Amino acid sequence: MARRYVIVGASLAGATAAITLCEESPNGAVTLIGAEPEPPYERPPLSKGYLRGDVPFEKALVRPSAFYTEHRIQTIFGMRATRIDASARFVELEDHRRVSFDALLITTGGRNRRVSILGGDLEGIHSLRTVQDADRIRAEMTAGRRA
């Protein structure tokens, strides 16, 4: 029976781990789970070329979407993992599906710190971590507006 690898966190680290597992364990079954609907992407371009509108989002992708299918990496994007049962060896998703594993890797990364200053929760204060955050900021960036 093929070894079942599950990676929770479709980040640069998660995608790199999935790619490495496919290369080093060609008979293994790899599942990559991510809360964001997009395939794994690098975050630094979001605050640079992508935010300015100079670089398309596709350039930030770790690999094109088709890569994962071509390399037999099962992807579950746009779905949060809500529970891990290490004894029964499964990850439960927010839609109550269970994904069984023999080995589990968690690559969820960090979260932005919220500023705890007066006015930090006002409208127009943005945090930048995801492509959706960058899209919201870009929507407000118009010529002549002040930042």
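Since we're looking at a predicted model, the values are computed, not measured.
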Please name the pair of heavy atoms, one in [X] and one in [Y], separated by the smallest distance, quoted to 0.1 Å.
{"X": "Ala2", "Y": "Asn27", "result": "CB-O, 2.8 Å"}
{"X": "Leu128", "Y": "Ser47", "result": "CD2-CB, 3.5 Å"}
{"X": "Gly119", "Y": "Ile125", "result": "O-CG1, 3.7 Å"}
{"X": "Gly78", "Y": "Glu94", "result": "O-OE2, 3.8 Å"}
{"X": "Arg52", "Y": "Asp54", "result": "NE-OD2, 2.8 Å"}
{"X": "Gln132", "Y": "Pro37", "result": "NE2-CD, 3.5 Å"}

Hey, quick one: are [X] and [Y] part of the same hydrophobic cluster, counting side-chain heavy atoms closer than 4.5 Å, chains of contacts allowed?
{"X": "Met79", "Y": "Leu104", "result": "yes"}
{"X": "Ile84", "Y": "Leu105", "result": "no"}
{"X": "Phe101", "Y": "Tyr5", "result": "no"}
{"X": "Ile73", "Y": "Ile76", "result": "no"}

Check whether any side-chain heavy atom of [X] sits under 4.5 Å from a side-chain heavy atom of [Y], and report yes or no.
{"X": "Ile106", "Y": "Ile7", "result": "no"}
{"X": "Arg136", "Y": "Glu140", "result": "no"}
{"X": "Leu46", "Y": "Leu51", "result": "no"}
{"X": "Ser65", "Y": "Pro39", "result": "yes"}

Hey, is CG on Leu122 packed in by over 12 heavy atoms from elsewhere, all under 6.0 Å?
yes
Residue pairs passing the side-chain hydrogen bond (donor to acceptor under 3.5 Å, both in side chains) test where at least one lies in residues 68-83, sequence neighbours excluded:
Thr31-Gln74, Arg83-Glu92
Begin with the C-alpha distance, continue with both residues' side-chain angles, and end with the deciding distance and a verdict on side-chain contact (heavy atoms from CB on, under 4.5 Å) for Phe77 and Leu32.
CA-CA 8 Å; Phe77 298 144; Leu32 180 60; 4.2 Å; yes
Would Arg138 count as a cation-pi partner of Tyr50, with NZ or CZ less than 6.0 Å from the six-membered ring centre and within 45° of the ring normal?
yes
Please assess Thr107 against Val8 for the test side-chain contact (heavy atoms from CB on, under 4.5 Å), listing each intermediate value before the final yes or no.
CA-CA 6 Å; Thr107 61; Val8 175; over 6 Å; no
Glu36 bridged to Arg43 by N-O distance under 4.0 Å
yes
Could you list all the ring pair (Phe, Tyr, Trp, His ring centres under 6.0 Å) pairs where at least one residue sits in residues 13-43, not counting sequence neighbours?
Tyr41-Phe57
Tell me if a side-chain donor or acceptor on Thr16 pairs with a main-chain N or O of Ala13 at a distance below 3.5 Å.
no
Partner of Phe90 under side chain to side chain contact (heavy atoms under 4.5 Å, CB included), picked from Arg4, Arg98, Arg97, is Arg98
